[in-house]
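Just so it is clear: chains get the letters A, B, ... in the order the sequence lines come, proteins before strands, and each one is counted from 1.
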Number of protein chains: 2
Amino acid sequence: MPNKKIEELPGKTVERLSQYRRLLFNSVELGKTNIYSHELARMMNLTPVQVRRDLMLIGYSGSQSKGYVIKDLISLIGKIIDSDTGQRIAIMGMGNLGRAITSYFTGKREKLSIVAAFDNDPQKYDRIIAGVPCYHINKLKEVVQKENIGIAILTVAPQATHEATKLMLEAGVKGILNYTSVPVSVPEGVFLEEYDIITSLEKLAFLVKK
Amino acid sequence: MPNKKIEELPGKTVERLSQYRRLLFNSVELGKTNIYSHELARMMNLTPVQVRRDLMLIGYSGSQSKGYVIKDLISLIGKIIDSDTGQRIAIMGMGNLGRAITSYFTGKREKLSIVAAFDNDPQKYDRIIAGVPCYHINKLKEVVQKENIGIAILTVAPQATHEATKLMLEAGVKGILNYTSVPVSVPEGVFLEEYDIITSLEKLAFLVKK
DNA sequence: TTATTATTGTGAAATAAATTACAACTTACA
DNA sequence: TGTAAGTTGTAATTTATTTCACAATAATAA
Ligand SMILES: NC(=O)c1ccc[n+]([C@@H]2O[C@H](COP(=O)([O-])OP(=O)(O)OC[C@H]3O[C@@H](n4cnc5c(N)ncnc54)[C@H](O)[C@@H]3O)[C@@H](O)[C@H]2O)c1
Ligand SMILES: NC(=O)c1ccc[n+]([C@@H]2O[C@H](COP(=O)([O-])OP(=O)(O)OC[C@H]3O[C@@H](n4cnc5c(N)ncnc54)[C@H](O)[C@@H]3O)[C@@H](O)[C@H]2O)c1
């Protein structure tokens, strides 16, 4: 029996679904058509029961003899985590990190695309960088609305973080992924993810030193 | 009463300690000497009680009237998450992301330093890039051991991930931070963190679409 | 056919993490 | 002085997530 509501999927499960799909794309390329929970589990450093529980939550059933059908699973995960019409993304701050992310990301997912970048440096705006048009921030609201952008990635200089957040919120984005070292707040109804490499390194350093 | 053992701190608490300290550094620069739990909480989008609970776990006590003494708190967090002698880090793969991380990170933390990079591209090795010497991967073991490197950041091309992991493990690193899109496994006694921006974006896209 | 092995699906239990509720203390000031 | 307001510290509870334990099923081989 699938979850009461798909919207109530645990956050951790959503993250793993994304990662399962990433692996499943690879498996398809290698010519595999079916996969067992223990195979997925080993590749992701999880237990097989964790994998089966996640798939149970999205209402997917495998077969005892063949495991899961990879292409069906990919397609079901897509139904759950992708937006039907696709989700359009902007990069705020086309510096080293912004450029690295943009060139890494472009073309990786059918339903997610980085369609605009913003910067206040004349070396950056009014050009196409890493395949994406970069605009001056005074065009932000206009472009975000015209391009129907729902998610912003913040890679501006730290001191510009709050201004950048304010502009993006005013323009109406509903999700922010913040890579600056300055935490931001968002109002009700907007979603926020923060990531800082220093936190990951300090956590590792703590674990290593124990 | 502090935690039974500081080593048993919840992982989430360790991450937040790193983030508290990041904010506290800023507050010191602004001339603040004391801070209340609700101030830290607001800056980090947490509840004040969550902050107090974390500080309780590390055995730090504030005053009801003045809150916490920022410099003492910074120093205690350092005692807990920093290694006494400092932790030395290597970057595996000095491409766009490796360079962006290195230039961002260098000099940010006294007890964490990126001291070497490795690559197999002649354009990259035997040079200093973003302030860090970049070596050919056939020098990896030698350099890791001589430089006493305990943590590796993987930013190589995806297809080189397993080879890179193998070399780093053989050289004796105890922690790996993997940014490639290929999951890796590590033996008992080695710690692993994985991060992929696509997972963060897909999670945001899922939340936004709900 | 029947036993054996390997797999999925899932209720129940265990573990991890966050929140609630409140006691205790400190200061300001009526 | 005493009381109201604001704060910390923490036990108890609740919520979120993972793991355990095992029933059910399918394929295989004796
Ligand atoms: N750029 C990003 O924002 C981003 C985000 C998430 C993940 N990633 C991942 O991080 C990795 C690096 O991304 P990038 O954009 O910097 O790519 P890149 O191509 O710029 O860099 C890859 C580097 O790895 C080196 N390399 C390749 N094979 C090697 C080998 N066998 N040994 C040593 N070095 C080797 C290359 O010479 C190059 O310098 C990729 O795996 C990518 O999937 C990147
Ligand atoms: N580089 C990394 O690996 C890394 C890792 C974690 C976090 N960060 C953070 O990500 C952010 C970007 O890092 P980076 O290395 O790319 O720095 P960077 O200096 O290369 O890029 C910052 C960009 O922001 C632009 N900018 C500055 N002020 C702006 C404003 N008011 N409006 C619009 N654009 C503005 C700059 O012109 C520049 O292009 C920083 O906040 C940094 O702390 C970087």
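No contact: A:T13 has no heavy atom under 4.0 Å from any strand.
Separating the CD atom of B:Q64 from the P atom of C:dT26 is a distance of 5 Å, rounded to the nearest angstrom. Distance, A:Y68 OH to D:dT25 P: 16 Å, rounded to whole Å. Rounded to a whole Å, the CZ atom of B:R16 is 11 Å from the C1' atom of C:dA16. The CD-P distance, from B:E15 to C:dA18, rounds to 9 Å in whole Å. In this structure, the OH atom of A:Y60 is 11 Å from the P atom of C:dT8, given to the nearest Å. Across the protein-nucleic acid pair, B:L9 atom CG and C:dA16 atom P stand 13 Å apart, rounded to whole Å. Look at NZ on B:K12: it is 14 Å from C1' on C:dT15, rounded to the nearest Å.
Within the 3.5 Å criterion, the main-chain N or O of A:L177 finds no donor-acceptor partner in the side chain of A:E194. Side-chain atoms of B:Q145 never come within 3.5 Å of backbone atoms of B:E142 as a donor-acceptor pair (strictly under, hydrogens ignored). No donor-acceptor pair under 3.5 Å is formed between the side chain of A:S37 and the backbone N or O of A:R52. Distance alone, capped at 3.5 Å, places no donor-acceptor pair between the A:T106 side chain and the A:S103 backbone.
Residues from residues 37-55 of chain A with heavy atoms under 4.0 angstrom of DNA chain D, sorted by number: A:T47, A:V49, A:Q50, A:R53. Listed in residue order, the members of residues 193-208 of chain B having a heavy atom less than 4.0 Å from DNA chain D come to none.
A salt bridge links A:E202 to B:R109: one of the charged nitrogens lies within less than 4.0 Å of a carboxylate oxygen. For A:E170 and A:K141, the salt-bridge test fails: no basic side-chain N is under 4.0 Å from an acidic carboxylate O. Ion pairing between A:D82 and A:R21 holds under the 4.0 Å rule for side-chain N and carboxylate O.
By the neighbour-count criterion of 12 heavy atoms within 6.0 Å, atom NZ of A:K66 is sparsely surrounded, having that number or fewer from other residues, nucleotides or ligands.
The side chain of B:S61 places an N or O atom within less than 4.0 Å of a non-bridging phosphate oxygen (OP1 or OP2) of D:dG9.
Because its NZ or CZ atom is not both nearer than 6.0 Å to the ring centre of B:F206 and within 45° of the ring axis, B:K209 does not count as a cation-pi partner of that residue.
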Check nucleotides 27-30 of chain D for protein N or O atoms closer than 3.5 Å to its own N or O atoms and list the pairs.
| from | atom 1 | to | atom 2 | distance (Å) |
| --- | --- | --- | --- | --- |
| D:dA27 | OP1 | A:S65 | OG | 3.3 |

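Side-chain contact check for B:D54 and B:T13: at least one donor-acceptor pair (N or O, by modelled atom type) lies under 3.5 Å.
Using a 30° and 60° split on the angle between ring planes, B:Y68 and B:Y60 fall in the tilted class, from 30° to 60°.
For B:Y36, the listed nucleotide lying nearest its side chain is D:dT7; candidates were C:dG9, D:dT7, C:dA17. Here D:dT10 is the nucleotide among D:dT10, D:dG6, D:dT17 with the atom lying nearest to any side-chain atom of B:M56.
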